[in-house]
Amino acid sequence: MAAANGSLRQRHPPNGNLPEALSDGNTLADKNDAAIKSDQEAQPQANTFRLVICVGGIYLSFLTWGILQERITTTNHGTPDHPEIFHYPVVMNTIQSLVATLLGYLYVLSTRTLTSPLPIFPSRAILPPLLLVALTSALASPFGYASLAHVDYITFILAKSCKLLPVMFLHVTLYGKRYPFYKYAVVALVTGGVALFTLSSKSSSKKKSLSGGSSAYGLLLLSINLLFDGLTNSTQDDIYARFRPYTGAQMMTALNLLSSLLTSLYLLISPYILPFLNLSPSGSADAGAAADELSSALNFLSAHPQVLRQIFGFALAGGVGQIFIFATLSHFGSLLLVTVTVTRKMLTMLLSVLWFGHRLTGWQWVGVGLVFGGVGVEGQIGKWEKAKKERERREGWGRVGRWGRGRGREGVKLVG
């Protein structure tokens, strides 16, 4: 009979005695060996197919998301002398998180069953880590954007290419997780390859020549941005580990709901807080807009309603992308997810090279080799490890089956 947790339980005999190895929810050997074997053989293929779907969904969704974001934030709806461009990032983020909350809840409803109700907040204990993730994810981007005013572009790109390092560092130091040696080597290869590929591009070289140096204050802001990024991903992994079974759909809905509340609160109180703290750019033409972003954005959208449709398309693409992100996070962990997101830009540039016939520099080809070499090595070692675990599991089941059959024959002799 199927148990609530998905395992199969054997009905106890009249005397209530079962061998210890067979009375903990495992199935009896022989009768279920065929099913176990087929499940184990199908699992790697199923995981590979799921990973391909998740990665493809992330790339496609966020390619659309990036195109719409650039169109919304760069299109001039006024005149060259009096430009009107939508520069209200908190409003955009709030609309996106609201749409993502709705999509996440629909995702929860589609997977909810009578035995698995999937509450968004299963306990009070989960609220503090979820609030921490909502805060760090909401604060990471502003610190990153603020650092661009104080660091040169080359430093910014190099730091963002190394996002894998703070994620792994916080996993090890904050949550006590340990990785095999090859994982550290793969992270080093992927980080070095992405950094080399990005820094060797012609656009990066041009921006490098046009930019100045990096100040200590800018490096501090950039370090905080990377710290928040790493804390977000490592805490998400810790939530999945501590509050099982907590699904990606539940976390997506909870985090976007909390983010919507935080950003909405900011939009409501910022007209009173920012001038008091002297954080709005007083003396500039945008001082009022910065202090009261919500009212300014509503006025802009009422004058240009087509922008609102573009923002909803942007939010929908981001919400669908988040479904794939949280599916990847819940099934494969944050380290692989960050690898996917870090390499996304490089693969987009590679696609552009192949599509438009551009040429890569020698160092860029070295970077491509490092990234794909690192990912290939990890995949091959992971395949070897899975095969080894499957062999050990089959041998363990064989030993339990032989022992169980021997005890069964002994029991018959005693009864006779």
### Task
Applying side chain to side chain donor-acceptor pair (under 3.5 Å), run through Thr232 and Thr136 and close with a yes or a no.
CA-CA 6 Å; Thr232 297; Thr136 54; 2.7 Å; yes

### Query
Between Ser259 and Ser97, does a side chain to side chain donor-acceptor pair (under 3.5 Å) hold up when you go through it step by step?
CA-CA 7 Å; Ser259 295; Ser97 58; 6.0 Å; no

### Task
Output, in order, the C-alpha distance, side-chain angles, deciding distance and verdict of side-chain contact (heavy atoms from CB on, under 4.5 Å) for Val55 and Thr328.
CA-CA 8 Å; Val55 172; Thr328 305; 5.7 Å; no

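Summarising the local packing, CD of Glu84 is surrounded by more than 12 heavy atoms from other residues, nucleotides or ligands at distances under 6.0 Å. In this structure, Tyr184 places its OH atom where more than 12 heavy-atom neighbours from other residues, nucleotides or ligands lie under 6.0 Å away. Counting heavy atoms of neighbouring residues, nucleotides and ligands inside a 6.0 Å radius, atom CZ of Phe121 exceeds 12 of them.
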Below 3.5 Å, can you tabulate the donor-acceptor pairs from side chains in residues 305-325 to any protein atom, sequence neighbours excluded?
unit_1, atom_1, unit_2, atom_2, d
Gln306, NE2, His77, ND1, 3.4
Gln322, OE1, Asn256, ND2, 2.7

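The two atoms that bring Thr75 and Arg71 nearest to each other are OG1-O, 2.5 Å, heavy atoms only. Closest approach of Ile72 to Met92, counting heavy atoms only: CG2-SD, 4.0 Å. For Thr253 against Gly104, the heavy-atom pair with the smallest separation is OG1-C, 2.9 Å. Contact record, Leu268 with Leu294: CD2-CD2, 4.2 Å, taken as the closest heavy-atom pair. Of all non-hydrogen atoms in Tyr246 and Pro122, the two that sit nearest each other are CE1-CD, 3.5 Å. Pro83 approaches Asn76 most closely through the heavy-atom pair CA-OD1, 3.2 Å.
For the residue pair Ser296 / Glu293, no side-chain donor-acceptor distance below 3.5 Å is found, with atom types taken as modelled. Thr263 and Thr94 share a side-chain donor-acceptor pair at under 3.5 Å.
Annotation: Phe86 is in aromatic contact with Tyr88 [ring centroid separation under 6.0 Å].
Between Leu130 and Leu255, some side-chain heavy-atom pair lies under the 4.5 Å cut-off. In this structure the side chain of Thr101 never reaches within 4.5 angstrom of the side chain of Tyr105, judged on heavy atoms. Under the 4.5 Å side-chain criterion, counting only non-hydrogen atoms from C-beta, Tyr107 is in contact with Thr111. Between Pro129 and Phe243, the closest side-chain pair of non-hydrogen atoms falls below 4.5 Å. Looking at Leu227 and Leu170, their side chains come closer than 4.5 Å, going by heavy atoms from C-beta outward. Using a 4.5 Å heavy-atom threshold, the side chains of Met252 and Thr247 count as separate. Here the side chains of Pro119 and Gln250 are in contact, with some heavy-atom distance below 4.5 Å.
With rounding to the nearest 0.5 Å, the separation of CG in Leu329 from CG in Asp237 is 5.5 Å. In this structure, the separation between OG on Ser234 and CZ on Phe169 is 10.5 Å, given to the nearest 0.5 Å. Note that CG of Leu231 is 12.5 Å distant from CG of Leu226, once rounded to the nearest 0.5 Å. We find the OH-NE2 distance between Tyr240 and His331 to be 9.0 Å, quoted to the nearest 0.5 Å. Once rounded to the nearest 0.5 Å, the distance linking CG of Asn93 with CG of Leu267 reads 9.5 Å. Of the inter-residue distances, the one linking Leu261 atom CG with Leu98 atom CG reads 8.5 Å to the nearest 0.5 angstrom.
Checking side-chain atoms of Ser116 against main-chain N and O of Arg112 turns up no donor-acceptor pair under 3.5 Å. Side chain of Gln236 to backbone of Val133: no donor-acceptor contact under 3.5 angstrom is found. Under a 3.5 Å cut-off, the side chain of Asn225 and the backbone N or O of Ala140 do form a donor-acceptor pair.
In this view, Asp238 and Arg242 satisfy the side chain to side chain donor-acceptor pair (under 3.5 Å) rule, not counting sequence neighbours.
A tilted orientation is assigned to the rings of His304 and Phe300, their planes being inclined by 30° to 60°.
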